[in-house]
Protein chains: 2
Amino acid sequence: MEPKGTVLIADDEADIVEILSYNLQREGYDVYTAKDGLDALDKAKAFKPDLIVLDIMMPYKTGIEVCQTLRRTAGFEDTVIIMLTALSDEGTQIQGLDGGADDYVTKPVSPKVLVSRVNAFFRRMGKMDEPKIIRLGNITIDPIQFLVTLNEEQIMLAKKEFELLYLLASKPGRVFLRNEILSMVWGTDVIVGDRTIDVHIRKIRQKLGIDCITTVKGVGYKFDW
Amino acid sequence: MEPKGTVLIADDEADIVEILSYNLQREGYDVYTAKDGLDALDKAKAFKPDLIVLDIMMPYKTGIEVCQTLRRTAGFEDTVIIMLTALSDEGTQIQGLDGGADDYVTKPVSPKVLVSRVNAFFRRMGKMDEPKIIRLGNITIDPIQFLVTLNEEQIMLAKKEFELLYLLASKPGRVFLRNEILSMVWGTDVIVGDRTIDVHIRKIRQKLGIDCITTVKGVGYKFDW
DNA sequence: CGGGTGCCTAAGCTGATGCTCAGGTTATTT
DNA sequence: AAATAACCTGAGCATCAGCTTAGGCACCCG
């Protein structure tokens, strides 16, 4: 199944994270987890999730603080944020929504409820992320015409190269793990070595002539602008 | 249900886009959305919709500007444009119609009204849509006379060749996948090999004498100008 | 009945493409 | 600074996708 979207779960209670993570993964989402407020911020910036589940009570930074910080960060204007509140405390809920959260769920959390809320948001976002022309600075990536344009000049990319570039550029700044890249570009069934990715990255780099793909050693690659 | 046509909705208010999009999709239209003026231009060029719903007040470019730009763009002479005006401001309406809009609807928009207007235009276009003369540079493709003209010179194409060329030229620049071509030219029931497409492409190329069809390896073909 | 035309397939050819490997380079760790 | 891990590079090679040619079948028309 194609991944439906990327979700980040941030909570300091490991068993809650685990159970939610498990259920969301079963629904077909790409799930990342964070165990405190600072971790959540890091992971959010690294993976650019479409949706974030934030517990309010977390070490170092509360969910509300994380939420407010993110809303002031470029690239997170459209990220959906769902708050988890330990008590059905009205005041806290309001505070959460004021801070820019899109929804809140009270603990104890039923996995079913959380999953259905998440599904609802993705449904609402709908087909928004279908074949979309990506425009970043002087680069244009057009999956309909299968064309990459750099400074008005057309650049021919091979199929795999194009798919790889499109994936990275679809979430600029987000780090894609090597096995994420493998499963999204090559599919889960095909088995190719890790070096294969390097080689394709290199071809893209030399064809584009500019260095817009950054290597994150030990992790993966990201499109940087 | 066969898609009745392609519609693009451009408005910066997400909930309006959503509600209109939902209603039009239920009617059987292929719906794409854009969230500002520039986005609308991109999407219009990418998807070549039959009809565009344009809000006037949008970031970057107003609906009126988008409309005027499109009217000056090759391939959008016949695209129906419906304007959304926030106020029933007479002046704005006139300005919109002068800019080349075909109709206007005042906000707040009733989905029912909008849908019926859209339906009306598609009904009016009716069969207009199919036999339409395509003119691209010095090539003319006339599905009524079944005739291709290149630099005033008539070129005889066989039936399949003509249909194939007509399909590609109907959305110049867009890549058609091999199975798209198969299903649209040959139909879903007939099973013919992949090589058949190559051979027909080749005949078209040599009959036309110019290279207007580009091969996208591993993907398909596109008409390029 | 032949000859012409359109459509499809088979099969060899070719260049592009995708993959792997081995050695070199860079970054990180200790 | 040495050791280690991770990545880059260049070369080589097998495969693939598309191009091309040739030929067969079906249909139409004289």
Side-chain angles (χ1 to χ4, degrees), chain A residues 42 46 143 146-148 154-168 175-224, chain B residues 143 146-148 154-168 175-224:
Chain A
D42 285 344
F146 219 86
L147 204 62
V148 176
Q154 293 186 2
I155 296 171
M156 293 299 296
L157 291 190
K159 188 156 168 275
K160 279 265 148 54
E161 291 158 20
F162 189 92
E163 290 171 356
L164 179 49
L165 177 63
Y166 189 77
L167 172 68
L168 295 180
V175 178
F176 287 87
L177 311 180
R178 296 185 94 89
N179 54 350
E180 280 184 318
I181 295 176
L182 280 180
S183 72
M184 303 192 75
V185 175
W186 275 266
T188 44
D189 41 331
V190 190
I191 307 114
V192 292
D194 257 20
R195 299 295 114 245
T196 304
I197 300 177
D198 309 359
V199 175
H200 283 268
I201 292 282
R202 180 189 20 149
K203 291 224 84 178
I204 295 172
R205 279 174 174 158
Q206 66 191 29
K207 277 192 183 176
L208 289 188
I210 54 172
D211 192 27
C212 53
I213 296 176
T214 308
T215 307
V216 184
K217 247 177 121 76
V219 187
Y221 293 94
K222 65 176 174 174
F223 190 97
D224 245 335
Chain B
F146 218 83
L147 204 60
V148 175
Q154 293 187 1
I155 295 170
M156 291 302 297
L157 289 189
K159 184 158 169 283
K160 280 268 148 52
E161 290 159 20
F162 188 90
E163 289 172 358
L164 179 49
L165 177 63
Y166 188 76
L167 172 67
L168 294 180
V175 176
F176 288 86
L177 312 180
R178 294 185 95 88
N179 52 356
E180 277 184 320
I181 295 175
L182 280 179
S183 72
M184 301 194 74
V185 176
W186 276 266
T188 45
D189 42 331
V190 190
I191 307 116
V192 293
D194 259 17
R195 299 298 114 244
T196 304
I197 300 177
D198 309 358
V199 175
H200 283 264
I201 291 282
R202 173 164 183 271
K203 294 221 83 178
I204 295 172
R205 279 174 175 158
Q206 66 190 29
K207 279 191 183 176
L208 289 188
I210 54 172
D211 192 27
C212 53
I213 296 175
T214 307
T215 307
V216 184
K217 242 178 118 84
V219 185
Y221 293 94
K222 64 177 171 175
F223 191 96
D224 246 335

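Worth knowing before you read on, the calculation uses all heavy atoms, side chains too, and leaves out hydrogens, waters and symmetry mates. Throughout, a chain's letter reflects where its sequence line sits, starting with A, and its residues are numbered from 1. Because the structure is predicted, anything quoted here is derived from the model rather than measured.
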Taking atom [atom2] of [N] as reference, at what distance in whole Å does atom [atom1] of [X] sit?
X         : N       : atom1 : atom2 : result
Arg178(A) : dA6(D)  : CZ    : C1'   : 8 Å
Ile201(A) : dC7(D)  : CD1   : P     : 11 Å
Asn179(A) : dA6(D)  : CG    : P     : 14 Å
Ile213(B) : dG18(D) : CD1   : P     : 14 Å
Tyr221(A) : dC7(D)  : OH    : P     : 6 Å
Leu177(B) : dG18(D) : CG    : C1'   : 16 Å
Arg205(B) : dT20(D) : CZ    : C1'   : 12 Å

Rounded distance [0.5 Å steps], [atom1] in [X] versus [atom2] in [Y]:
X         : Y         : atom1 : atom2 : answer
Thr215(B) : Lys222(B) : OG1   : NZ    : 10.5 Å
Met184(A) : Leu168(A) : CE    : CG    : 10.5 Å
Leu157(A) : Lys203(A) : CG    : NZ    : 10.0 Å
Asp194(A) : Ile181(A) : CG    : CD1   : 9.5 Å
Leu165(A) : Phe223(A) : CG    : CZ    : 6.0 Å

Under-3.5 Å N/O pairs linking protein and nucleotides 24-30 of chain D:
none

Exercise. Report the C-alpha distance between Tyr221(A) and Ile197(A) in whole Å, list the side-chain angles of each, state the deciding distance to 0.1 Å, and finish with yes or no for side chain to side chain contact (heavy atoms under 4.5 Å, CB included).
Key: CA-CA 10 Å; Tyr221(A) 293 94; Ile197(A) 300 177; 3.9 Å; yes

Quiz item: Step by step, would you call Leu177(A) with Val219(A) a side chain to side chain contact (heavy atoms under 4.5 Å, CB included)?
Solution: CA-CA 6 Å; Leu177(A) 311 180; Val219(A) 187; 3.4 Å; yes

Quiz item: With sugar-phosphate meaning primed atoms plus P, OP1 and OP2, does Phe162(B) contact a base, only sugar-phosphate, or nothing at under 4.0 Å between heavy atoms?
Solution: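 Nothing: the residue Phe162(B), judged by heavy atoms under 4.0 Å, touches no strand.
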
Quiz prompt | Residues Trp186(B), Glu163(B); criterion side chain to side chain contact (heavy atoms under 4.5 Å, CB included); working and verdict | solution = CA-CA 9 Å; Trp186(B) 276 266; Glu163(B) 289 172 358; over 6 Å; no

Quiz item: Can a side chain N or O of Thr215(B) be found less than 4.0 Å away from OP1 or OP2 on dC19(D)?
Solution: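 Yes.
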
Quiz item: Taking the side chain from Lys217(B) and the backbone from Ala158(A), do they hold a donor-acceptor pair closer than 3.5 Å?
Solution: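 Between the backbone of Ala158(A) and the side chain of Lys217(B) there is no qualifying donor-acceptor contact (under 3.5 Å).
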
Produce the list of close N/O pairs, under 3.5 Å, pairing protein atoms with atoms of nucleotides 17-21 of chain C; give distances to one decimal.
from, atom 1, to, atom 2, distance (Å)
dG18(C), OP1, Lys160(A), N, 3.0
dC19(C), OP1, Trp186(A), NE1, 2.9
dC19(C), OP2, Trp186(A), NE1, 2.8
dC19(C), OP2, His200(A), NE2, 3.2
dT20(C), OP2, Gly193(A), N, 2.9
dT20(C), OP2, Thr196(A), OG1, 2.6

Practice problem: Name the residue closer to the 5' end of DNA chain D, choosing between Val219(B) and Gly218(A) according to the nucleotide with the nearest heavy atom. | Solution: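 With Val219(B) and Gly218(A) compared, the 5'-side residue is Gly218(A).
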
